Amino acid sequence: MSTAVDASVPVAEQEDGTANILGGKKVAVVFVLGGPGSGKGTQCSNIVEHFGFTHLSAGELLRSEIKSGSDNGTMIDSIIKEGKIVPSEITVKLLQEAMIKSENDKFLIDGFPRNQENRLSFENVIKISPEFVLFFDCSEEEMVRRLLGRNQGRADDNIETIRKRFRVFEESSLPVVQYYDSKGKVKKINAAKPIPEVFEDVKTIFQPYGPKAA
Ligand SMILES: Nc1ncnc2c1ncn2[C@@H]1O[C@H](COP(=O)(O)OP(=O)(O)OP(=O)(O)O)[C@@H](O)[C@H]1O
Ligand SMILES: Nc1ccn([C@@H]2O[C@H](COP(=O)(O)O)[C@@H](O)[C@H]2O)c(=O)n1
Ligand SMILES: [Mg+2]
């Protein structure tokens, strides 16, 4: 059984001082937040490659759920097209299953928690506190440019839904960032720079967690 991420890395505890244990192993979780198109997925891929984390994108898990034809698929699809947030019990269950299935003990949870309900549901069900929150800061103007140029066929990459996603980000996701900031857990990155420059800043933050095992 794995007992720790790396003996030299201080692993976060829950607020009551108990360890972050999932499926019998001690785990480290980093929440990755930022506006739509700020570069969360792009930088998570780099972190996986250099520091051996497992990347779990809440949005990707929800899109897979739609594709799988699950009972909730139609409802998730219409919520995503509206740029709104899927009920937490669905997203938290998908994250929990993916974490338990994984053999890794270091997770990047991208695009989550998107609102306070997501945060509380994760705390109550999974009972893990994040090591920190990596927050990508970028202007809306730049994020629109990136999203409209992404070309991945996403149903929500159109200007109407993008505007709605920005409002949801401001109204529901930024309060989560502020909550973690009040606990001293936010590491803010200037995400407006080119991809390699953003990753230089990200690397500095992840140095204690790497490098990826050979
Ligand atoms: N620093 C950057 N400079 C320019 N383009 C970038 C940068 N980072 C990412 N991109 C590009 O912007 C687009 C959006 O990036 P990405 O998918 O990583 O964003 P995201 O934050 O995961 O968005 P979403 O919340 O919509 O999933 C992609 O086409 C990506 O290649
Ligand atoms: N915690 C979450 C994360 C995402 N969603 C929905 O998925 C959409 C796409 O998410 P990305 O992170 O891939 O941009 C997002 O706009 C939400 O509709 C969610 O409900 N809850
Ligand atoms: Mg993404």
Side-chain angles (χ1 to χ4, degrees), residues 29 31-49 55-67 72-96 98-99 107-123 125-126 130 133-177 189-203:
V29 163
F31 289 145
V32 182
L33 292 175
S38 57
K40 301 180 293 296
T42 304
Q43 296 300 333
C44 282
S45 300
N46 287 335
I47 300 165
V48 167
E49 197 185 318
H55 175 204
L56 299 177
S57 156
E60 284 298 336
L61 289 169
L62 292 167
R63 285 186 285 276
S64 299
E65 197 63 4
I66 299 170
K67 283 197 205 111
N72 288 322
T74 312
M75 184 251 288
I76 297 171
D77 188 43
S78 58
I79 292 176
I80 288 182
K81 283 180 177 146
E82 273 300 304
K84 293 185 179 157
I85 298 174
V86 172
S88 300
E89 64 195 63
I90 295 176
T91 315
V92 168
K93 186 163 173 276
L94 292 171
L95 287 169
Q96 187 180 33
M99 289 172 79
F107 297 95
L108 295 170
I109 304 200
D110 162 5
F112 185 97
R114 241 3 189 259
N115 60 11
Q116 301 284 24
E117 192 210 30
N118 271 187
R119 178 179 72 73
L120 288 166
S121 177
F122 192 90
E123 269 175 24
V125 175
I126 305 193
V133 174
L134 187 64
F135 173 56
F136 290 108
D137 189 30
C138 195
S139 70
E140 284 194 5
E141 195 189 5
E142 174 62 15
M143 292 192 286
V144 170
R145 205 174 6 253
R146 292 179 188 177
L147 292 172
L148 293 179
R150 180 154 58 181
N151 272 330
Q152 286 176 1
R154 273 180 54 167
D156 54 353
D157 278 351
N158 58 79
I159 195 63
E160 294 78 26
T161 312
I162 289 169
R163 294 274 170 230
K164 290 178 185 165
R165 288 157 72 197
F166 285 157
R167 295 294 76 79
V168 168
F169 173 69
E170 259 180 31
E171 287 164 16
S172 303
S173 310
L174 277 180
V176 176
V177 177
I189 296 277
N190 175 3
K193 297 193 279 186
I195 294 171
E197 288 179 34
V198 176
F199 190 53
E200 281 308 305
D201 295 343
V202 168
K203 264 205 274 202

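Atoms within a ligand are numbered from 1 in the order they appear, just like the ligands themselves. Note that the coordinates shown come from a computational prediction; the quantities given were computed from them, not determined experimentally. Basis for what follows: all heavy atoms, side chains included, without hydrogens, waters or symmetry-related copies.
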So do the side chains of R163 and V144 get within less than 4.5 Å of each other, counting heavy atoms only?
yes
Test ring-ring contact (aromatic ring centres under 6.0 Å, His included) applied to F135 - qualifying residues, sequence neighbours left out:
none
For atom 27 (O) of ligand 1, which candidate among Q43, R154, K40, R63 holds the nearest heavy atom?
R154
Write out the residue and atom name of the closest protein heavy atom to atom 30 (C) of ligand 1, then the distance separating them to 0.1 Å.
T42 OG1, 3.6 Å
Contact check, side chains of E160 and R165, non-hydrogen atoms, under 4.5 Å
no
So which protein heavy atom does atom 26 (O) of ligand 1 come closest to, and at what separation?
R165 NH2, 2.7 Å
the protein heavy atom lying closest to atom 8 (N) of ligand 1 turns out to be I195 CG1, 3.6 Å
Just verifying a value: how many Å separate N115 CG and I85 CD1, rounded to the nearest 0.5 Å?
4.0 Å
Side chain to side chain, R154 and R63, heavy atoms closer than 4.5 Å:
yes
Please list, in number order, the atoms of ligand 1 under 4.0 Å from a heavy atom of S38.
21 (O)
The single option from H55, Q43, K40 that satisfies side-chain hydrogen bond (donor to acceptor under 3.5 Å, both in side chains) with D110 is H55
Atom 19 (O) of ligand 1: closest protein heavy atom, distance to 0.1 Å, is G39 N, 3.3 Å
Any non-hydrogen atom of G111 lying under 4.0 Å from ligand 1?
no
Per-atom filter on ligand 1: closer than 4.0 angstrom to a heavy atom of P36 are 25 (O)
So which heavy atom in the protein is nearest atom 4 (C) of ligand 1, and how far is it from that ligand atom?
R146 NE, 3.6 Å
Between ligand 1 and L147, can you find any atom pair, the residue atom being a heavy atom, that is separated by under 4.0 Å?
yes
T161 side chain reached by K81 side chain, heavy atoms, under 4.5 Å
no
Note, P87 side chain near I79 side chain (heavy atom, < 4.5 Å):
yes
Reference residue F112; test side-chain contact (heavy atoms from CB on, under 4.5 Å); the match among L56, V32, V92, V29:
V92
For atom 17 (O) of ligand 1, what is the closest protein heavy atom, and at what distance to 0.1 Å?
R150 NH1, 2.8 Å
Say whether G59 and ligand 1 are in contact under the criterion: heavy-atom distance to a ligand atom below 4.0 Å.
no
Starting from the N and O atoms of ligand 2, find every protein N or O within less than 3.5 Å and list the pair with its distance.
| residue | atom | partner | partner atom | Å |
| --- | --- | --- | --- | --- |
| ligand 2 | 1 (N) | G111 | O | 3.0 |
| ligand 2 | 1 (N) | N118 | OD1 | 3.0 |
| ligand 2 | 10 (O) | R114 | NH2 | 3.3 |
| ligand 2 | 12 (O) | R114 | NH1 | 3.0 |
| ligand 2 | 12 (O) | R114 | NH2 | 3.2 |
| ligand 2 | 13 (O) | R63 | NH1 | 3.1 |
| ligand 2 | 13 (O) | R63 | NH2 | 3.1 |
| ligand 2 | 13 (O) | R154 | NH1 | 3.3 |
| ligand 2 | 13 (O) | R154 | NH2 | 3.4 |
| ligand 2 | 14 (O) | R114 | NH2 | 3.3 |
| ligand 2 | 14 (O) | R154 | NH2 | 3.0 |
| ligand 2 | 18 (O) | K84 | O | 2.6 |
| ligand 2 | 20 (O) | V86 | N | 2.7 |

Check contact between M143 and ligand 1, using heavy atoms of the residue and a distance below 4.0 angstrom.
no
With heavy-atom distances below 4.5 Å as the criterion, would you say the side chains of D157 and L148 are in contact?
no
Is any side-chain heavy atom of C138 closer than 4.5 Å to one of N190?
no
Residue P194 vicinity, atoms of ligand 1 by number, heavy atom under 4.0 Å
1 (N)
Output every pair passing salt bridge (charged side-chain N to carboxylate O under 4.0 Å, His left out) with a member in residues 82-92, not counting sequence neighbours, ordered by first then second residue.
E82-K164
Distance-only donor-acceptor pairs under 3.5 Å for side chains of residues 191-202, two or more places apart:
| residue | atom | partner | partner atom | Å |
| --- | --- | --- | --- | --- |
| K193 | NZ | D201 | OD2 | 2.8 |
| E200 | OE2 | K203 | NZ | 3.1 |

Looking at side-chain heavy atoms only, is the closest gap between V48 and L108 below 4.5 Å?
yes
Identity and separation of the nearest protein heavy atom to atom 23 (O) of ligand 1:
G37 N, 3.0 Å
What protein heavy atom sits nearest atom 1 (N) of ligand 1, and how far away is it?
K193 O, 2.8 Å
